[in-house]
Novice: 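For reference, the structure I am asking about is given below.
Starting from 1, each residue takes its place in the sequence as its number. Order of listing sets the numbers, starting from 1, for every ligand and every atom in it.
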Amino acid sequence: MSSVTQSPEIDGVAVDELQTSFRGDLVRPGDAGYDEHRKIWNGSIDRRPALIARCTGVADVQAAIRFARSQDLLAAVRGGGHSFPGLSVCDDGMVIDLAPMKGVQVDPETRIARVQAGVLLGELDLETQAFGLAVPSGIVTHTGVAGLTLGGGIGWVMRKYGLSIDQLRSVEVVTADGDLVRASENENADLFWGVRGGGGNFGIVTGFEFRLNPVGPDVMAGPVFWAMEDAPEVLRFYRDWIADCPDELMTIAVQRRAPALPIVPPDLVGKLVIGVTACYAGPVEDGERALRPLKEFGSPVLDFCRPKPFLEHQKTFDPSFPHGWHYYVRSCDVAALSDEVIDIVVEHGRRITSPVTSIALWQMGGAVGRIDDEATAFNGRNAGFTFNINGNSKTAEGFDAERRWARDYWTALAPHHTSVYVNFLMEEGEGRVRQAYGAAKYEKLKTLKRKYDPTNFFSLNQNIKPG
Ligand SMILES: Cc1cc2nc3c(=O)[nH]c(=O)nc-3n(C[C@H](O)[C@H](O)[C@H](O)COP(=O)(O)OP(=O)(O)OC[C@H]3O[C@@H](n4cnc5c(N)ncnc54)[C@H](O)[C@@H]3O)c2cc1C
């Protein structure tokens, strides 16, 4: 991103006045750090807000909301900045940036963690793993806890402990009026239901309180790869092998070109591969036993599945999704890996050209599917698998072709689509948001939106319109 001289307009006197009671930095076009703070993870998004309010705590968030309303500014809310479609930054309006809110407090006795809104997954893991504990979260350490949790939160230990929201005890929320409210099963229970899957539609969550569970610190985990030619046999074996696997085992099948990483032999780099990355959230010896069939299947070209610290395993996918590349995703859930679905996966995997394009096929089920579907706004607990089809390029060059590939892959799967995970949506319109929640939950969320945000102040999200 490069600076341009033209700046979006905003009332400078009002901003100076705001600064007198605002602890964090207020960053405007032309200020040092403006380009740094308007950047988000997806390098294909280049937007120029009129003001970035870098909040340090609840009072700053309240002030930022009241200011945006008084100035009639469009407001984007930023946690970890990993929104695929870039909804955490806007042109001309205001970014309410929660990144400076980095507090994590772990109580190993009660097994509870209190987490502020700017914390990233790796930062949370670092604190909880000091006690051999974890919150179920996602698979890339630089993702934000806030956005991920508010959409549901799927990751390596979800089949054992559920989604991130399933271990959420309470939240502190600043509403569109600037009021701070607490929500839990016993307090503002309707709001607590809504924030567990309903995203940023109802307010800014400044604090999360999670239950912790034992994980690691060592786990049996990592990827096993085969040549893409072997994909039909690998996928059929994979389907049968995981059919009745324990909740401790979570896997993600991957298709891509082998990346240029130190663990990849040079003669494999750039070749089309299919892999299964696993994590066994239980004793390492049990994990070794459970994963033996995977490691012994066919002729792997790379096997990096071994005992390792959970913290190390959590970083497995980090090098594949660095900040600043151009990212596009299409996603859907499917009920099962039928032969038809496998044929589509095989065919479209072979067509991958970009060295940074990939798919992740998530095994769902386990504890996620056993929790009462009505308990939270999250939909899709019955999904068999979730597809994350990533058409990526390092720069704008070639990005269109990657997007086309991702759309073609997704379209071919259309007859098998069931639901879609809201955090894996691009800006795809109201119909897709409705599909993500299902008709009944969508209507319930609309009612809640009318109660907590009737003017749709929080509109830059997978938006549930109050009207
Ligand atoms: C590289 C990568 C890996 C991912 N891996 C996973 C994964 O393993 N599991 C998974 O479940 N998802 C995953 N996702 C999807 C991820 O959950 C969403 O992109 C999520 O929105 C990211 O949260 P964030 O705070 O980083 O994003 P941001 O871009 O900061 O926020 C996204 C949206 O969340 C809302 N929001 C953020 N913070 C708050 C807050 N404090 N209060 C209210 N609303 C808020 C806003 O509407 C905002 O537009 C991944 C995404 C990326 C890019």
Novice: Is the closest side-chain donor-acceptor distance between Thr357 and Asn392 under 3.5 Å?
Specialist: no
Novice: Check step by step if salt bridge (charged side-chain N to carboxylate O under 4.0 Å, His left out) holds for Asp92 and Arg47.
Specialist: CA-CA 8 Å; Asp92 303 333; Arg47 298 194 183 126; over 6 Å; no
Novice: Using ring centroids (six-membered ring only for Trp), state whether His348 and Trp405 fall under 6.0 Å.
Specialist: no
Novice: Could you list all the side chain to side chain donor-acceptor pair (under 3.5 Å) pairs where at least one residue sits in residues 364-383, not counting sequence neighbours?
Specialist: Asp166-Arg381, Asp247-Arg370, Asp373-Lys441, Thr376-Arg381
Novice: Which pairs with one or both residues in residues 139-162 pass salt bridge (charged side-chain N to carboxylate O under 4.0 Å, His left out), sequence neighbours excluded?
Specialist: Lys160-Glu248
Novice: Listed by chain and number, what are the salt bridge (Lys or Arg N to Asp or Glu O under 4.0 Å) partners of Glu127, not counting sequence neighbours?
Specialist: none
Novice: For ligand 1, which of its N or O atoms have a protein N or O partner closer than 3.5 Å, and how long is each gap?
Specialist:
residue, atom, partner, partner atom, Å
ligand 1, 8 (O), Ile139, N, 2.8
ligand 1, 8 (O), Ile154, O, 3.4
ligand 1, 9 (N), Ile154, O, 2.7
ligand 1, 11 (O), Ile154, N, 2.9
ligand 1, 11 (O), Tyr421, OH, 2.6
ligand 1, 17 (O), Asn423, ND2, 3.0
ligand 1, 19 (O), His82, O, 2.8
ligand 1, 23 (O), Leu148, N, 3.3
ligand 1, 25 (O), Gly80, N, 2.8
ligand 1, 25 (O), Gly147, N, 3.1
ligand 1, 26 (O), Gly80, N, 3.4
ligand 1, 26 (O), Gly81, N, 3.4
ligand 1, 26 (O), His82, N, 3.1
ligand 1, 26 (O), Gly144, N, 2.9
ligand 1, 27 (O), His82, N, 3.1
ligand 1, 29 (O), His82, N, 3.1
ligand 1, 29 (O), Ser83, N, 2.8
ligand 1, 29 (O), Ser88, OG, 2.5
ligand 1, 30 (O), Gly79, N, 2.6
ligand 1, 30 (O), Gly80, N, 3.2
ligand 1, 30 (O), Gly81, N, 2.7
ligand 1, 41 (N), Val205, O, 2.8
ligand 1, 42 (N), Val205, N, 2.9
ligand 1, 47 (O), Leu460, O, 3.4
ligand 1, 49 (O), Leu460, O, 3.4

